[in-house]
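Keep in mind it's a predicted model, so treat the numbers as computed, not measured. Atoms within a ligand are numbered from 1 in the order they appear, just like the ligands themselves.
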Amino acid sequence: MKGTTYDVARIREDFPILRREVNGHPLVYLDNAASAQKPQVVIDTLDEYYREHNANVHRGLHTLSEEATTAYEEGREVSRRFINAGSLEEVIFVRGTTEGINLVAQSYGRTHLQRGDEVLITYMEHHSNIVPWQIVCEQTGATLKVCPIDEHGQLVWESFEALVGARTKIVAFAHISNALGTINPVRRMVEKAHEVGAVTVIDGAQAAPHLRIDVQALDCDFYTFSGHKMFAPTGVGVLYGKKHLLEAMPPWQGGGDMIKTVSFERTVYNALPYKFEAGTPIIAGVIGMAAAMRYLEEVGLDRIAAYEAELLEYGTRRLQEIPGLRLIGTASQKAGVLSFVMDVAHPHDIGTILSHEGVAVRTGHHCAQPLMDFFQVPATVRASLALYNDRDDLDALVRGLEKVRRLFA
Ligand SMILES: *Cc1c(COP(=O)(O)O)cnc(C)c1O
């Protein structure tokens, strides 16, 4: 799709699920931050892989295995390009963001942290970027520190600066918050962490579908994201790590593919990135993810970001017109997310009524319970955007919310 105008109607045609009806209404899919829909090209790629090429990789000398290996390794090059990593050795395929963070916590964290050291996260992290650090802190005696946020859901920079100190060894934070949509000043955060020699781990789960990612420009040490939130299949994701760090890290899981030679006395580990890819990898997932990345590059991530910013602004304005609705997360830099509560009804009731109207949103704590405590709400309703949403979707959301008000007021 080339040209200057963003043709959302044309993009919607690429996503077959958007043609279906739900409860007698056209589907309005606004739960993209939980998982995004798949374009036809991803579905076709998976279909073709299983019909024509399926075999294990890196093993057989037969034709199918060679084809599968070639497609899988092409997926690594597409992923490298997608995040502008310096080399293929820095691109490790994982199950998703959760596995990426656990890998870093257990391989890097466990070998580098000691009693007295600190791991710094923020108040707006997903449970996936909290619990793995709690586990490794317990294992090593390190301490978990949490940087506060303000009432808009933005990092308090002065606190961040004060918390990064000589004891800080790892700083882990979301690029974009899944519950609030806040875009963190990640470049500055990396710079600050590097001043004290700490390594940085960026949770990019919400950034990959919305922004152009450039790990070299960010200079982050680790960056991870999930395929399923950026229009690829579930069960696959990427962990980027700087080569010198990955090289010095012990393997996380042992098994096939991650070894060079094995004897009962001694095993020699494979080179990067295979050292971290034990067992049969997520072959179809990687190939499908590469198709999703190519699709995003074709539409253009900068154009997607610009279009979504406009859509977010429209949605914010419409929601603010609804009496008794309170937006949770009003950062000046935001992407993709409209989180809110209403005075007349509990988020779960709102979600149920919206579903009757064909509108899919998420209700709950969004895997960020500490954040809900901070805003003193048990849960929120979250409408989250993707490149195929349009103003009609947001109008349908607003009509549903007006119905909620009529029913509960
Ligand atoms: C979804 C999400 C995760 C977890 O991703 P999985 O795909 O479930 O591993 C982590 N962090 C953020 C910000 C997310 O949105």
Quick check: closest heavy atoms across T5 and R303, and the distance to 0.1 Å? O-NH2, 2.8 Å
Knowing that exactly one of T316, I328, V361 qualifies, which makes a side chain to side chain contact (heavy atoms under 4.5 Å, CB included) with L338?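 Among T316, I328, V361, the one that satisfies the side chain to side chain contact (heavy atoms under 4.5 Å, CB included) with L338 is T316.
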Would you check if the side chain of R80 reaches a backbone N or O of A85 as a donor-acceptor pair within less than 3.5 Å?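 Yes.
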Pair H175 and H210, ring centroids less than 6.0 Å apart: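 No; H210 has its ring centre 6.0 Å or more from that of H175.
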Classify the ring geometry between Y388 and Y29 as parallel (under 30°), tilted (30 to 60°) or perpendicular (over 60°).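 Ring orientation, 0 to 90° scale: tilted.
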Assign the ring pair F82 / F225 to parallel, tilted or perpendicular, where the plane angle (0 to 90°) is split at 30° and 60°.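 Taking F225 first and then F82, their aromatic rings sit tilted (interplane angle of 30° to 60°).
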Which protein residues come within less than 4.0 angstrom of ligand 1, counting heavy atoms only? T97, T98, H126, S128, N178, D203, A205, Q206, S226, H228, K229
